[in-house]
Amino acid sequence: MSIEKEAADWFARLRGPDGDRLRASFVAWYADPVHAAAYDHLARSWDQAKFLANTATGQRRNLNRARIDHGYSVRTIALVASILLSIALGASLIGRAAWSLREVRPDLTRTEVIAATAPRMLRLVDGSRVILDRGSRLAIAFSGVARRLHLLTGRARFDVSHDPLRPFVVDAGGGSVIAHGTMFDVALAPEGIEILLLRGAVEVRDGAAGDRAVHVRHLIPGQKVMLVGGTLTEPVAASALDTRWPEAMIEFDAMPLDTAVAAFNRGGVRPIHVEGVEGRHFLVTGAFRRDDPEEFAATLAATFDLAVRSEGRADLVIAPRASSVVDPKKP
């Protein structure tokens with residue numbers, strides 16, 4: 001079986017009834033960079049095809065006919081995924097530029113890198129790779145005895161090259177993550193610091209000072225932990241939404257409006273606010289481009305009969321229309 005067919009097979013199986021049970025095996029398969037590239041390419045193409053559901057053309061079609069019946073065999077589902085991939089690659093459903101991460105290679109072992117308006121991929125001098133989310137800032141300080149980085153703002157994914165003589169340490173918000181050969185995410189969120197492990201193993205420390213003992217959490221792939229107010233929470237299972245932030249699209253399935261907007265804002269460069277609306281009464285479903293907050297806000301407003309206004313030079317505000325009262329039960 002070719003790598004592309006393996007990727008299609010995994011893509012289908014993870015979305016079937018046994019997806020949760022197979023996730024650990026998938027993570028091991030995905031650890032191979034060649035496998036990861038094939039799977040990510042398929043996922044991006046799938047997301048771009050799903051974006052049709054948010055267009056005027058898609059809304060005039062019965063897209064439920066395209067749903068996959070889980071009664072089919074895995075082989076059949078994989079074939080459908082492969083066909084959809086071919087369609088997405090060959091058709092011009094979306095008149096937009098393809099998502100890409102421009103790789104940069106810092107030559108210095110001590111530097112600071114900023115991803116201002118778009119995600120950036122960094123290849124470090126030791127061979128490790130970092131994806132910085134938009135609006136993120138990372139300080140790099142390598143020496144002969146340690147590889148140390150400091151996430152100053154935003155979110156990053158670290159794919160660490162193994163080096164038994166130099167530990168790989170990421171500091172963020174008073175805590176630290178120690179790894180050797182592994183892949184993990186670190187995010188500075190309003191509620192605290194979030195660490196999520198995708199592959200390998202990491203040790204998370206709370207950065208205690210003075211006489212207080214350092215608390216440590218050891219994660220397994222698929223788990224995440226929070227550092228809130230200097231205290232580490234118990235590890236919990238991560239969701240697909242947690243792990244897919246580097247992708248071009250963000251997908252919601254019946255998520256409350258305010259929760260969906262908060263998730264979109266985590267990687268956005270133009271904040272969106274919801275005012276005067278009970279967000280839990282409006283459920284968001286669909287796939288949206290992460291780099292287009294204006295279209296995301298406009299789609300939500302059109303869907304729920306709300307209005308969008310600009311506030312200052314940056315923020316967007318979704319609120320009830322001035323001339324009408326919003327009915328929360330309206331679809």
- Message: Walk me through whether Ile195 and Met226 qualify under side-chain contact (heavy atoms from CB on, under 4.5 Å).
- Response: CA-CA 6 Å; Ile195 299 95; Met226 295 285 298; over 6 Å; no

Between Arg290 and Trp245, is the side-chain contact (heavy atoms from CB on, under 4.5 Å) condition met? List the steps. CA-CA 9 Å; Arg290 295 178 184 273; Trp245 63 264; 4.1 Å; yes

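In plain terms, the two heavy atoms of Ala179 and Phe184 that are nearest each other are CB-CE2, 3.7 Å. The two residues Pro320 and Gly276 make their nearest non-hydrogen contact at CG-O, 3.3 Å. Looking at every heavy atom in both residues, Leu306 comes nearest to Ala319 through CB-O, 3.5 Å. The minimum heavy-atom distance linking Gly135 with Thr153 is given by the pair O-OG1, 3.4 Å. The two atoms that bring Phe142 and Arg148 nearest to each other are CD1-N, 3.9 Å, heavy atoms only. Heavy atoms only, all atoms of each residue included: Arg129 and Arg123 are closest at CD-NH2, 3.5 Å.
With salt bridges taken as basic N to acidic carboxylate O contacts below 4.0 Å, one links Arg244 and Glu251. The pair Asp9-Lys5 fails the salt-bridge criterion, with no side-chain N (NZ, NE, NH1 or NH2) lying under 4.0 Å from an Asp/Glu carboxylate O.
Ala172 meets the side chain to side chain contact (heavy atoms under 4.5 Å, CB included) test with Leu151, Val186, Leu188, Ile193; sequence neighbours excluded. Legend: residues meeting side chain to side chain contact (heavy atoms under 4.5 Å, CB included) with Ala262, ordered by chain and number and at least two apart, are absent. For Asp126, the salt bridge (charged side-chain N to carboxylate O under 4.0 Å, His left out) test picks out Arg147, with sequence neighbours left out. Residues passing the ring pair (Phe, Tyr, Trp, His ring centres under 6.0 Å) test with Phe296 are Phe264, Phe288, sequence neighbours excluded. Checked against side chain to side chain contact (heavy atoms under 4.5 Å, CB included), Ser310 has the following partners two or more places apart in sequence or in another chain: Arg270, Leu316. In this view, Arg166 and Asp163 satisfy the salt bridge (charged side-chain N to carboxylate O under 4.0 Å, His left out) rule, not counting sequence neighbours. Looking at residues two or more places apart in sequence or on another chain, you find no salt bridge (charged side-chain N to carboxylate O under 4.0 Å, His left out) involving Glu6. Shown here are the side chain to side chain contact (heavy atoms under 4.5 Å, CB included) partners of Ala260, two or more places apart in sequence or in another chain: Phe252, Met255, Val284. For Glu234, the side-chain hydrogen bond (donor to acceptor under 3.5 Å, both in side chains) test picks out Arg217, with sequence neighbours left out.
Atom CD of Glu275 and atom NE2 of His273 lie 7.5 Å apart (nearest 0.5 Å). The line from CG of Asp171 to NE2 of His150 is 6.0 Å long, rounded to the nearest 0.5 Å. The structure places CG of Asp159 at 9.0 Å from CE of Met121, a figure rounded to the nearest 0.5 Å. Atom CG of Leu138 is separated from atom CG of Leu149 by 5.0 Å, given to the nearest 0.5 angstrom. Taken from OG in Ser128 to CZ in Phe158, the straight-line distance is 10.0 Å, to the nearest 0.5 Å. Annotation: the span from Thr233 atom OG1 to Glu194 atom CD amounts to 9.0 Å, rounded to 0.5 Å.
Think of Ile114 as one node in a network of Ile, Leu, Val, Met, Phe, Trp and Tyr side chains linked at under 4.5 Å; it has no links at all. As a member of the Ile/Leu/Val/Met/Phe/Trp/Tyr network built from side-chain separations under 4.5 Å, Met183 groups with Leu196, Leu198. Summarising the hydrophobic clusters (Ile, Leu, Val, Met, Phe, Trp, Tyr; side-chain heavy atoms under 4.5 Å, direct or chained), the residues clustered with Ile178 are Val169.
Ser136 places no side-chain N or O within 3.5 Å of a backbone atom of Leu132 that could act as its donor or acceptor partner. Checked by atom type and distance alone, the side chain of Thr182 never pairs as donor or acceptor with a backbone atom of Val202 at under 3.5 Å.
Of the N and O atoms on the side chains of Asp206 and His215, at least one donor lies less than 3.5 Å from an acceptor on the other residue. If you check the side chains of Asp242 and Ser239, you find a donor sitting under 3.5 Å from an acceptor.
The hydrophobic cluster containing Phe282 does not contain Val317, counting ILVMFWY residues as joined when their side-chain heavy atoms lie under 4.5 angstrom apart, directly or transitively. A single hydrophobic cluster is seen to contain both Val277 and Val308, as judged by linkage of ILVMFWY side chains at heavy-atom distances under 4.5 Å, directly or through other members. Residues Val130 and Val125 share a hydrophobic cluster, clusters being chains of Ile/Leu/Val/Met/Phe/Trp/Tyr side chains in contact below 4.5 Å. A continuous path of ILVMFWY side-chain contacts below 4.5 Å connects Leu219 to Leu227, so both sit in one hydrophobic cluster. Follow the hydrophobic side-chain contacts under 4.5 Å out from Val160 and you reach Ile140 in the same cluster.
Gln223 is not listed as a side-chain neighbour of Pro221, based on a closest heavy-atom distance of 4.5 Å or more. A heavy-atom distance below 4.5 Å is found between the side chains of Asp291 and Arg134. When side chains are defined from C-beta on, Val204 does not count as touching Val216, because their heavy atoms never get closer than 4.5 Å. Residues Val113 and Arg137 fail the side-chain proximity criterion, which asks for heavy atoms closer than 4.5 Å.
Just one of Arg266, Arg157, Lys224 meets the salt bridge (charged side-chain N to carboxylate O under 4.0 Å, His left out) condition when paired with Asp185; it is Arg157.
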